[in-house]
Amino acid sequence: MSLWEYANPVKFIRTTDKVLPWIWVLTGLCLVTGLVWGFFFTPDDFRQGSTVKIIYIHVPSALMAINAWLMMLVASLIWIVRRHHVSALAARAAAPVGAVMTMIALATGAFWGQPMWGTWWAWDPRLTSFLILFLFYLGYMALWEAIENDDTAADLTSILCLVGSVFAILSRYAVNFWNQGLHQGATLSLDKEENISDVFWIPLLVCIAGFVLLFIALVFLRTQTEIRARRTRALLAREGQA
């Protein structure tokens with residue numbers, strides 16, 4: 001079987017209908033386990049107190065905000081190269097999910113930053129690049145809605161996605177590019193010495209798994225909706241011409 005077979009809308013819907021219930025179950029298990037474990041069964045930090053527990057929402061949402069855009073980039077490149085409509089619709093479906101994840105990351109970052117930094121907002125490199133990424137999400141969605149022809153909209157939004165990917169990368173590596181700024185370094189790292197304590201790290205990984213599965217489930221569901229909406233518009237257009 002080739003991966004490109006799933007570019008067929010009918011096959012995509014049939015396959016995702018089968019796997020979605022399992023993904024929802026795993027999502028619920030991971031989120032409930034991770035959040036309950038993190039919020040109620042981990043100690044307060046010796047410096048940050050109980051505010052450190054915002055990490056169980058802030059870090060997963062921030063990771064998904066960035067990776068959602070990167071997923072949109074891959075889907076957009078597939079559209080540009082192979083002209084598979086499912087890939088373009090998957091990118092469109094992922095945008096609102098990524099925008100919400102970015103908004104959650106910004107909001108929880110503000111709540112976390114206020115007691116730690118003494119301010120709700122600072123023009124820190126990572127915070128600023130995240131804000132710009134959020135604006136790119138809004139612009140991407142607005143561009144899809146502004147253009148009636150789906151193929152033209154897919155072309156233009158794919159180009160916008162390529163440009164916005166610069167800020168997705170900056171959002172991830174801003175702390176490494178610039179030393180100044182209030183934001184701390186990476187919470188999770190391949191270098192074990194830079195990771196947080198295992199008492200926080202393990203439930204955080206469970207939360208991240210839950211957010212990843214939630215993103216996959218929502219994108220599958222929204223892509224199905226986009227496929228059906230596109231099919232409905234095509235049928236209405238044919239009836240109008242008849």
Side-chain angles (χ1 to χ4, degrees), residues 1-21 23-24 27 61 64-105 130-169 171 211-242:
M1 290 180 63
S2 169
L3 180 64
W4 303 115
E5 291 182 24
Y6 295 97
N8 181 292
V10 174
K11 187 172 183 63
F12 177 86
I13 289 177
R14 287 177 180 173
T15 303
T16 51
D17 274 340
K18 293 178 181 178
V19 301
L20 263 174
I23 296 176
W24 283 120
T27 299
S61 61
M64 293 316 304
I66 298 167
N67 288 310
W69 191 275
L70 295 180
M71 171 261 160
M72 291 162 55
L73 171 63
V74 173
S76 297
L77 289 174
I78 292 173
W79 163 255
I80 291 172
V81 175
R82 300 188 68 100
R83 312 301 285 182
H84 287 316
H85 288 94
V86 171
S87 63
L89 295 177
R92 182 180 186 178
V97 184
V100 171
M101 292 291 183
T102 309
M103 189 185 303
I104 293 172
F130 244 87
L131 177 60
I132 296 173
L133 178 62
F134 178 65
L135 296 177
F136 265 98
Y137 271 118
L138 297 182
Y140 181 92
M141 292 185 290
L143 188 58
W144 263 109
E145 296 298 329
I147 301 173
E148 292 186 5
N149 184 277
D150 287 339
D151 287 356
T152 303
D155 289 336
L156 294 178
T157 53
S158 295
I159 295 172
L160 179 62
C161 194
L162 291 173
V163 177
S165 298
V166 175
F167 291 95
I169 295 172
S171 299
F211 271 74
V212 171
L213 289 168
L214 177 62
F215 173 75
I216 293 172
L218 289 174
V219 169
F220 279 173
L221 187 63
R222 285 186 50 78
T223 303
Q224 288 183 346
T225 303
E226 292 291 347
I227 291 172
R228 293 186 174 107
R230 183 186 178 95
R231 188 177 298 172
T232 301
R233 289 194 297 271
L235 291 173
L236 291 175
R238 289 180 185 176
E239 291 181 0
Q241 294 174 358

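The first residue of the sequence shown is numbered 1, and numbering continues consecutively from there. No hydrogens, no waters, no symmetry mates; every other heavy atom, side chains included, goes into these values.
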For the [atom1] atom of [X] and the [atom2] atom of [Y], what is their distance to the nearest 0.5 Å?
X    : Y    : atom1 : atom2 : answer
F12  : T223 : CZ    : OG1   : 4.5 Å
L70  : S76  : CG    : OG    : 11.0 Å
T232 : I227 : OG1   : CD1   : 11.5 Å
L89  : Q224 : CG    : CD    : 12.0 Å
L143 : R92  : CG    : CZ    : 10.0 Å
L20  : T27  : CG    : OG1   : 9.0 Å

Heavy atoms only: give me the nearest [X]-[Y] pair and the separation to one decimal.
X    : Y    : answer
A217 : I23  : CB-CG2, 3.7 Å
A91  : A75  : CB-CB, 3.9 Å
D17  : P21  : O-CD, 3.2 Å
S158 : I80  : CB-CD1, 3.7 Å
A99  : M141 : CB-CE, 3.8 Å
W69  : G164 : NE1-C, 3.3 Å

Decide side-chain contact (heavy atoms from CB on, under 4.5 Å) for M101 and N67; before the verdict, give the C-alpha distance in whole Å, the side-chain angles of both, and the deciding distance to 0.1 Å.
CA-CA 10 Å; M101 292 291 183; N67 288 310; over 6 Å; no
Below 4.0 angstrom, N of the basic side chain to O of the carboxylate: do E226 and R222 qualify?
yes
Salt bridge check, R83 against D150: does any charged N sit closer than 4.0 Å to a carboxylate O?
no
Do [X] and [Y] touch side chain to side chain, with heavy atoms closer than 4.5 Å?
X    : Y    : answer
L162 : L77  : yes
M72  : L160 : no
I104 : M64  : no
D151 : H85  : yes

What's the verdict on side-chain contact (heavy atoms from CB on, under 4.5 Å) for M71 and I216, showing C-alpha distance, side-chain angles and the deciding distance?
CA-CA 10 Å; M71 171 261 160; I216 293 172; over 6 Å; no
Could you tell me whether a side-chain N or O of Y137 sits under 3.5 Å from a main-chain N or O of A65, the two making a donor and an acceptor?
yes
Just by distance, do the side chain of T16 and the backbone of I13 share a donor-acceptor pair under 3.5 Å?
yes
One pair to check against side-chain contact (heavy atoms from CB on, under 4.5 Å): W24 and L214. What are the steps and the verdict?
CA-CA 7 Å; W24 283 120; L214 177 62; 3.9 Å; yes
side-chain contact (heavy atoms from CB on, under 4.5 Å) assessment of W144 paired with L156
CA-CA 8 Å; W144 263 109; L156 294 178; over 6 Å; no
